[in-house]
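A quick write-up on the structure given underneath.
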Amino acid sequence: MGEFSGLGHLFVLSFLFSFSSFMVIPAITDVTMEAVCPGRDECSIAIYLSGFQNAVTGLGALVVTPIVGNLSDRYGRKALMALPVTVAILPLFILACNRTEVYFYLYYVAKIIAGIFCEGSVHCLCLAYVFNKSDQVGDSNRETLTKSTLWTQADHVGPRGRAAAFGLFSGVSAAGFVSGTLTARFLPTSATFQVATAVAVAAALYLRIFLPDSSGTSCGDEACDPLLQDSSSCSSSASSSDEEISPRLPPRKGGLPSPRDMAALLTGSVALSGAATITFFYSLGEHGLQTALLYYLKARFDYSKNEFANLLLIAGAAGMLSQLTVMPVLAPILGEEILLIVGLLGGCAHVPYFAAAFVILSAFVHPSIRSNISKNVGTNEQGIAQGCVSGISSFASILGPLIFTPLTAWFLSETEPFDFKGFSILCAGFCTVSLE
């Protein structure tokens, strides 16, 4: 694993950000119910508020994430990463102050705004950062640059090791998820949001102080932007290795990428269009499950913060184990395609604790997709490619709540068409089964 040591600061940032983001999830259902419907275990309004938040956040992220990815190709990953990491502090700070109805609705608005910038942006920028640390330095000047503090042993991680690198990154994020959820399990609700706020501030400071900058291009100006200037302007500094992929977007002067540019990028090959399709349906099932599961467990089994935390801990620990230990070993042997198939099969299980155990397999899905995309686009298109895929996932997060929120509320109400409380969870499972 020494070849990934140059990504250490990115891993620390990912851990802190995931810790602060996920540790509030077990508590937010109880906070929402107490603010909107105090004293009740079933509340359609809370379900619809959650669905509306996810839909608006997904719509905003659909537009913002590809733009942020493209800008990071021009101005560097660190500069663009600072925005979502900093904005994420505000909603946590609001609930750290108080959790009354007024503060909840302030949090609700701030969370929507923050989610537009954070939903997918941090993840896609970190993945593009992994690629840059792996492949940005050309063979001719690699020996010189690896002596500096900015470029370290991670420069020797080639395309064959990219799936393992993405798996490690996802595993570190899962470790933050597990640690945050475990911490929330033993903290009162008020302290949960206070600790989350402090860790979010620490993540922003760590990004500012310790994370080395990694420009999206190997030159430092607009000449290297694949959407803004001639494709020949950056050829002198690009890597000449056999594994380098030519840019798929045509030269384009001025402005940000249009929807047509993004569509052209994703339809440029069968691999990219297939990855986009799988991302959409799998994310639709994921967001549908997220929309339905917590409120189903609250209504059906009277789950509280601690029970939610236990379930999330099982899922998070399984995903962390898989991505940190299993995937780095299997990726070079089986390849991304086989791991993706195995992950999709594991993702079909949607019975709560049974599905949590199968996260060991389903954790392969997203790193495999991202690695496959990274290998099929040019160096200067990494940011926009990862951003487009995150945008597709965000689009699925729009449709998920629009479809599964009324479905969940309907089957949990007294007017359900037939007695099947978990019908929406079954439908979410069908979204992932349909991929196979």
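Residues V389 and T65 have side chains not in contact (no heavy-atom distance under 4.5 Å, counting atoms from C-beta outward). Under the 4.5 Å side-chain criterion, counting only non-hydrogen atoms from C-beta, I28 is in contact with L95. At least one side-chain heavy atom of V326 sits under 4.5 Å from a side-chain heavy atom of F364. In this structure, Y282 and S362 have side chains that are in contact, with non-hydrogen atoms separated by less than 4.5 Å. Put simply, the side chain of T183 reaches to within 4.5 Å of the side chain of F19, judged on heavy atoms. The shortest side-chain heavy-atom distance between V172 and L324 falls under the 4.5 Å cut-off. Contact annotation: the side chain of P26 never approaches that of R185 to less than 4.5 Å [non-hydrogen atoms, C-beta and beyond]. Put simply, the side chain of C427 reaches to within 4.5 Å of the side chain of L407, judged on heavy atoms.
Between E336 and the options S371, S374, S368, a side-chain hydrogen bond (donor to acceptor under 3.5 Å, both in side chains) holds for only S371. In summary, of the residues considered (Y129, F169, F17), a ring pair (Phe, Tyr, Trp, His ring centres under 6.0 Å) with H123 occurs for F169 alone.
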Could you walk me through whether Q53 and Y108 pass the side chain to side chain contact (heavy atoms under 4.5 Å, CB included) test, one step at a time? CA-CA 8 Å; Q53 174 186 316; Y108 186 78; 3.5 Å; yes

Hey, mind stepping through T32 and S50 against side chain to side chain contact (heavy atoms under 4.5 Å, CB included) and telling me if it holds? CA-CA 9 Å; T32 303; S50 177; over 6 Å; no

Please assess N372 against L340 for the test side chain to side chain contact (heavy atoms under 4.5 Å, CB included), listing each intermediate value before the final yes or no. CA-CA 10 Å; N372 188 278; L340 179 59; over 6 Å; no

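Across all their heavy atoms, A174 and Q323 have their closest contact at CB-OE1, 3.8 Å. Nearest heavy atom pair, residue C118 against residue P84, reads SG-O, 3.0 Å. When all heavy atoms of L13 and L207 are compared, the pair lying nearest together is CD2-CD1, 3.8 Å. Here the closest non-hydrogen pair linking A200 and S20 is N-CB, 3.6 Å. Here the closest non-hydrogen pair linking A203 and L16 is CB-CB, 3.7 Å. For P66 against A61, the heavy-atom pair with the smallest separation is CD-O, 3.9 Å.
At distances below 3.5 Å, not a single donor-acceptor pair connects side-chain atoms of R77 with backbone N or O atoms of L125. Using modelled atom types, no side-chain atom of K78 and backbone atom of P212 make a donor-acceptor pair closer than 3.5 Å. Looking only at distances, no side-chain donor or acceptor of Q386 sits under 3.5 Å from a matching main-chain atom of G69. A donor-acceptor pair under 3.5 Å is formed between the side chain of T325 and the backbone N or O of L321. Side-chain atoms of S322 never come within 3.5 Å of backbone atoms of G319 as a donor-acceptor pair (strictly under, hydrogens ignored).
Between the side chains of S393 and S283, at least one donor-acceptor pair of N or O atoms lies under 3.5 Å. Counting only N and O atoms by type, the side chains of T279 and R370 include no donor and acceptor under 3.5 Å apart. Counted by atom type alone, H366 and E286 present one or more donor-acceptor pairs between their side chains at under 3.5 Å.
Remark: L90 CG to T197 OG1 distance equals 9.5 Å, nearest 0.5 Å. From L339, atom CG reaches atom CG of L344 across 11.0 Å, with rounding to the nearest 0.5 Å. Atom CD1 of I116 is separated from atom NZ of K111 by 12.0 Å, given to the nearest 0.5 angstrom. For the atom pair CD1 of I392 and CZ of F281, the computed distance is 11.5 Å after rounding to the nearest 0.5 Å. For the atom pair I384 CD1 and S390 OG, the distance stands at 12.0 Å (nearest 0.5 Å). Rounding to the nearest 0.5 Å gives a distance of 8.0 Å between OG1 of T181 and CZ of F22.
In this structure, the ring of F423 has its center less than 6.0 angstrom from the ring center of F418. Aromatic pair F93/F193: centroids not less than 6.0 angstrom apart.
Using cut-offs of 30° and 60° on the angle between ring planes, the pair Y206 and F210 is tilted.
Crowding of I45 atom CD1: a count of heavy atoms from other residues, nucleotides or ligands under 6.0 Å not exceeding 12. The number of heavy atoms from other shown groups lying within 6.0 Å of CZ (F52) does not exceed 12.
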